[in-house]
Amino acid sequence: MNYTEWIFNEKSPIYIQLAHKLRYGILSGMLLPGENIPSIRSMAAMLHLNVNTVARSYRLMNQDGLIFTNRNKKYIVTLDSVLVNRKRIQEVRLLCHNYIRAMSELGFSKTDTLSFIQKYSCSEN
């Protein structure tokens with residue numbers, strides 16, 4: 001994974017954005033089970049971030065069970081594919097729920113919402 005291409009904005013705390021990028025990297029399969037991720041200091045240097053910011057992100061990811069440290073203090077993507085798949089499905093449910101709620105707030109029916117998905121999901125492929 002090319003971490004140096006990651007871009008952060010000022011809309012939310014950077015540690016949350018970094019955790020999100022790592023999370024999606026794992027859930028999408030871009031970061032594979034058992035794969036090493038950079039140390040806190042290496043990641044901070046690569047991304048020009050404060051070490052404490054990266055440490056906070058890693059703590060979130062560790063609490064979520066998506067990364068762990070081994071005896072050598074290396075950070076590794078979880079080997080638990082069942083956990084990754086469960087969290088992936090949870091993420092999809094959340095995205096769908098948020099989309100449907102936003103469409104409803106804009107006044108669209110469920111039928112309209114599904115029509116938008118069908119119309120726009122394949123137009124770029």
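Within 6.0 Å of the CD atom in E105, the count of heavy atoms belonging to other residues, nucleotides or ligands exceeds 12. Under a cut-off of 6.0 angstrom, the local environment of CG in L106 is crowded, with over 12 non-hydrogen atoms contributed by other residues, nucleotides or ligands. Heavy-atom neighbours of R101 CZ from other residues, nucleotides or ligands within 6.0 Å: above the threshold of 12. Surrounding CE of M1 are more than 12 heavy atoms belonging to other residues, nucleotides or ligands, all under 6.0 Å away.
The distance from atom CZ of R56 to atom CG of N50, rounded to the nearest 0.5 Å, is 11.0 Å. In this structure, OG1 in T4 is found 8.5 Å from NE2 in H48, a value given to the nearest 0.5 Å. Rounding to the nearest 0.5 Å gives a distance of 9.5 Å between CZ of F68 and CG of N62. Taken from CG in L47 to OG1 in T53, the straight-line distance is 10.5 Å, to the nearest 0.5 Å. With values rounded to the nearest 0.5 angstrom, F116 atom CZ is found 13.0 Å from S121 atom OG. A distance of 9.5 Å separates CG in L27 from CG in N85, rounded to the nearest 0.5 Å.
The two atoms that bring I67 and I26 nearest to each other are CG2-CD1, 3.9 Å, heavy atoms only. Between K74 and N36, the closest heavy-atom pair is CD-ND2, 4.4 Å. Of all heavy-atom pairs between S28 and G25, the closest is OG-O, 3.3 Å. Between V54 and I40 the shortest heavy-atom distance is CG1-O, 3.7 Å. Smallest separation of non-hydrogen atoms from L60 and A19: CD1-CB, 4.2 Å. Pairing each heavy atom of R23 with each of E91, the nearest pair is NE-OE1, 3.3 Å.
Between the S104 side chain and the I100 main chain, no donor and acceptor come within less than 3.5 Å of each other.
V84 and V82 fall into different hydrophobic clusters, where Ile, Leu, Val, Met, Phe, Trp and Tyr are joined by side-chain heavy atoms under 4.5 Å apart, directly or via other members. The same ILVMFWY cluster, assembled from side-chain heavy atoms under 4.5 Å apart, contains both W6 and M61. I37 and Y24 fall into different hydrophobic clusters, defined by Ile, Leu, Val, Met, Phe, Trp and Tyr side-chain heavy atoms under 4.5 Å apart, directly or through other members. I76 and M43 are not part of a single hydrophobic cluster, where members link through side-chain heavy atoms under 4.5 Å apart. Linking ILVMFWY residues whenever their side-chain heavy atoms come closer than 4.5 Å, directly or via other members, leaves Y15 and L22 in distinct clusters.
Side-chain atoms of D80 and T78 form no donor-acceptor pair, as typed in the model, at a separation below 3.5 Å.
Using a 4.5 Å heavy-atom threshold, the side chains of Y75 and P38 count as separate.
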Might you work through the side chain to side chain donor-acceptor pair (under 3.5 Å) test for D112 and S109, ending with a clear yes or no?
-> CA-CA 5 Å; D112 292 336; S109 69; 3.3 Å; yes
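Seen from the ring of F8, K21 counts as a face-on cation partner, given the 6.0 Å and 45° thresholds.
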